[in-house]
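Encoded as structure tokens, the structure appears first; notes follow it.
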Amino acid sequence: MTWKLQAITGEFTGQEISVERDMLVGRHQDADLLLQSADISRRHAALLLKDQQLWVQDLNSSNGTFINDLKIEQETELNDGDIVQFASFMFSVLAPVSVADLPEIEAEPVSSSAHDQGMPSIAERAAETSITRDGMPQQVTIPKPAPIPEGVDVKVTAPEQQPVVIEEPVSRVEQEKEQQKNASVGLISIIVLVILAVIAWLFFK
């Protein structure tokens, strides 16, 4: 639970300052609540927490500290909704809200009976439906499909499928035959070249 001061005037207007410990209010750089204004004393006032209650004490400031427009001379207890004023800076006091202060909300019981909402119970539905000896329901009406609006074409055209060309794998036997054929052609070429070389050698000898 934390006390808060909501700024009404000055540079902090609309902001909430949490008071979780004793705080110094003033123009001094060490102040916990720093108010930069000429009418604020360097050490203007102090906010004190005592037994979860918030108190304010004026520290002999030049322009005074006020609660609800009344200038204070000694420590004064603050209550929820009070207006505390340091010179020209005004703040609204917001007291901490405890769980006990929250209003109790009674939950209305929700009836889980479908019969109370206009729906037939399971027993009534079972009695209305006749069943066979095998336990299958008879004379169960099938709801009709909703009518198709005018101008709506329900024909579904399947996209044309392009034929897929599948390459037949070359068998191992065919590969061997092709290799033997290539080897034979190469051997014949070598023999021809040798014969031509011998003829040329004999001719030019």
Side-chain angles (χ1 to χ4, degrees), residues 1-129 143-152 154:
M1 299 188 300
T2 304
W3 286 83
K4 294 183 180 180
L5 297 182
Q6 185 176 35
I8 301 175
T9 61
E11 56 183 321
F12 299 108
T13 300
Q15 297 184 24
E16 293 183 357
I17 294 93
S18 298
V19 184
E20 299 177 346
R21 55 183 174 82
D22 294 350
M23 298 176 63
L24 175 65
V25 181
R27 187 163 42 91
H28 195 274
Q29 293 298 325
D30 294 336
D32 300 297
L33 179 53
L34 183 61
L35 303 177
Q36 296 284 9
S37 179
D39 58 353
I40 295 291
S41 299
R42 291 171 60 83
R43 299 179 182 276
H44 195 100
L47 295 169
L48 308 172
L49 283 174
K50 297 181 180 181
D51 298 329
Q52 302 299 324
Q53 296 297 318
L54 183 61
W55 296 68
V56 62
Q57 178 184 7
D58 184 75
L59 301 178
N60 298 321
S61 61
S62 301
N63 295 301
T65 301
F66 303 82
I67 299 177
N68 300 328
D69 295 330
L70 298 177
K71 187 175 182 179
I72 62 172
E73 302 293 342
Q74 56 187 2
E75 288 185 13
T76 306
E77 184 178 357
L78 292 171
N79 298 303
D80 185 42
D82 284 347
I83 303 298
V84 59
Q85 181 176 347
F86 310 106
S88 60
F89 289 83
M90 301 176 65
F91 296 84
S92 176
V93 179
L94 303 177
V97 179
S98 62
V99 179
D101 296 333
L102 296 176
E104 295 184 1
I105 301 175
E106 295 183 359
E108 296 182 359
V110 179
S111 175
S112 59
S113 174
H115 184 66
D116 296 339
Q117 300 176 2
M119 295 179 63
S121 63
I122 297 177
E124 292 175 348
R125 282 180 286 176
E128 294 174 358
T129 304
K144 296 181 180 180
I148 301 174
E150 295 182 0
V152 177
V154 295

### Message
To the closest 0.5 Å, what do you measure between CZ (Arg21) and OG1 (Thr2)?
### Response
12.0 Å
### Ser62 backbone acceptor or donor facing Ser41 side chain under 3.5 Å
yes
### Summary
Separation between CG (Asn60) and CD (Gln57), nearest 0.5 Å, reads 8.5 Å
### Message
Under the side-chain contact (heavy atoms from CB on, under 4.5 Å) test against Phe91, which residue among Leu5, Ile8, Leu78 passes?
### Response
Leu5
### Task
Using a 4.5 Å cut-off on heavy atoms from C-beta on, say whether the side chain of Asn79 contacts that of Val93.
no
### Query
Which atom pair, heavy atoms only, marks the closest approach of Leu48 to Glu75?
CD1-OE2, 3.5 Å
### Query
Is the closest side-chain heavy-atom distance between Leu59 and Leu24 below 4.5 Å?
yes
### Task
Indicate yes or no: at least one non-hydrogen side-chain atom of Leu35 is less than 4.5 angstrom from one of Phe12.
yes
### Query
Would you say the side-chain atoms of Trp3 pair up with the backbone N or O of Gln52, donor to acceptor, closer than 3.5 Å?
yes
### Task
Could you tell me whether the side chain of Asp80 and the main chain of Ala95 form a donor-acceptor pair under 3.5 Å?
yes
### Query
How about Leu54 and Leu47: do any of their side-chain heavy atoms sit closer than 4.5 Å?
yes
## Note on the structure
Distance col, row Gln29:CD vs Gln36:CD, nearest 0.5 angstrom, shows 5.5 Å
### Message
Counting C-beta onward and ignoring hydrogens, is there a side-chain heavy-atom pair between Met23 and Leu49 closer than 4.5 Å?
### Response
no
### Query
Quick one: does Ser92's side chain have a donor or acceptor within less than 3.5 Å of a partner on Gln6's backbone?
no
### Query
At what distance, to the nearest 0.5 angstrom, does CG of Asp69 lie from CD1 of Ile67?
11.0 Å
#### Entry: Under 3.5 Å: donor-acceptor pair, side chain of Ser88, backbone of Phe86
no
### Query
Roughly how far, to the nearest 0.5 Å, is CG of Leu70 from OG1 of Thr65?
13.0 Å
### Query
Roughly how far, to the nearest 0.5 Å, is NE2 of His44 from CG of Leu33?
10.5 Å
### Message
Keeping Asp58 on the side-chain end and Glu73 on the backbone end, is there a donor-acceptor pair under 3.5 Å?
### Response
no
### Task
Answer yes or no: does atom CD of Gln74 have more than 12 heavy-atom neighbours from other residues, nucleotides or ligands under 6.0 Å?
no
### Task
Evaluate side chain to side chain contact (heavy atoms under 4.5 Å, CB included) for Asp39 paired with Phe89, printing each intermediate quantity in order.
CA-CA 9 Å; Asp39 58 353; Phe89 289 83; 4.3 Å; yes
